[in-house]
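As the structure is a prediction and not an experimental result, all values here were calculated from the model.
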Amino acid sequence: MSPRPIHRITLFKIPSEEDQARLIDIYRTLPARALKDGKPYILSATVGPSYDDVRNQGYTLAALSVFHSVEDMKYYDDECAAHAELKKVAKTLHHGAMMVYFQNAL
């Protein structure tokens, strides 16, 4: 049986819709630019602004990235040049961020 994918959820507090759009544009091309051993390794990426709701606790943008393994996700965090570019821009835009990752238990 093959391992279950790793789902990573990153939430950002980015008040400006213009700044949210900047980060969305980077996410739009990220899966094609994020390479490991010369090949794309992100299984899927989804991003969008959150709905205005008291339960979002001020998080205005959500990103869901799916990886084949924890090792691929760690590569994304520590070695991926495309993700390093995203982080560099995100750090200038957000007023708070959080990330969790998990395997689907269902």
Looking at every heavy atom in both [X] and [Y], which two are closest together, and how far apart are they?
{"X": "Leu11", "Y": "Ala62", "result": "CD2-CB, 3.6 Å"}
{"X": "Pro40", "Y": "Pro31", "result": "CB-O, 3.7 Å"}
{"X": "Cys80", "Y": "Ala34", "result": "SG-CB, 3.8 Å"}
{"X": "Pro5", "Y": "Val66", "result": "CB-CG1, 3.6 Å"}
{"X": "His95", "Y": "Pro15", "result": "CD2-CD, 3.7 Å"}

Verdict with reasoning, Met99 to Ile9, per side chain to side chain contact (heavy atoms under 4.5 Å, CB included): CA-CA 6 Å; Met99 184 276 291; Ile9 301 170; over 6 Å; no
Is there side-chain contact between [X] and [Y], with at least one heavy-atom pair below 4.5 Å?
{"X": "Phe67", "Y": "Tyr101", "value": "no"}
{"X": "Ile26", "Y": "Arg33", "value": "yes"}
{"X": "Leu35", "Y": "Tyr41", "value": "no"}
{"X": "Leu61", "Y": "Val47", "value": "yes"}

Criterion salt bridge (charged side-chain N to carboxylate O under 4.0 Å, His left out) on Glu79 and Lys74, from CA distance to verdict: CA-CA 8 Å; Glu79 300 180 51; Lys74 288 183 180 182; over 6 Å; no
Under 3.5 Å donor-acceptor, Thr60 side chain and Lys13 backbone: no
Worked verdict on Lys39 versus Asp37 for salt bridge (charged side-chain N to carboxylate O under 4.0 Å, His left out): CA-CA 6 Å; Lys39 297 180 238 172; Asp37 300 324; over 6 Å; no
First locate atom [atom1] of [X], then atom [atom2] of [Y], and finally report the distance between them rounded to the nearest 0.5 Å.
{"X": "Asp52", "Y": "Asn56", "atom1": "CG", "atom2": "CG", "result": "6.5 Å"}
{"X": "Gln57", "Y": "Ser50", "atom1": "CD", "atom2": "OG", "result": "11.0 Å"}
{"X": "His68", "Y": "Lys36", "atom1": "NE2", "atom2": "NZ", "result": "9.0 Å"}
{"X": "Thr10", "Y": "Leu64", "atom1": "OG1", "atom2": "CG", "result": "9.0 Å"}
{"X": "Leu30", "Y": "Ile24", "atom1": "CG", "atom2": "CD1", "result": "13.5 Å"}
{"X": "Asp72", "Y": "Asp77", "atom1": "CG", "atom2": "CG", "result": "11.5 Å"}

Steps toward side chain to side chain contact (heavy atoms under 4.5 Å, CB included) verdict (Gln103, Arg4): CA-CA 6 Å; Gln103 282 183 317; Arg4 290 176 289 177; 3.9 Å; yes
Residues, nucleotides or ligands: over 12 heavy atoms within 6.0 Å of Phe102 CZ: yes
Glu17, CD atom: more than 12 neighbouring heavy atoms under 6.0 Å: no
Residues Val89, Arg22; criterion side chain to side chain contact (heavy atoms under 4.5 Å, CB included); working and verdict: CA-CA 9 Å; Val89 173; Arg22 284 183 61 199; 3.9 Å; yes
Output field: ring centroids Tyr59/Phe12 closer than 6.0 Å: no
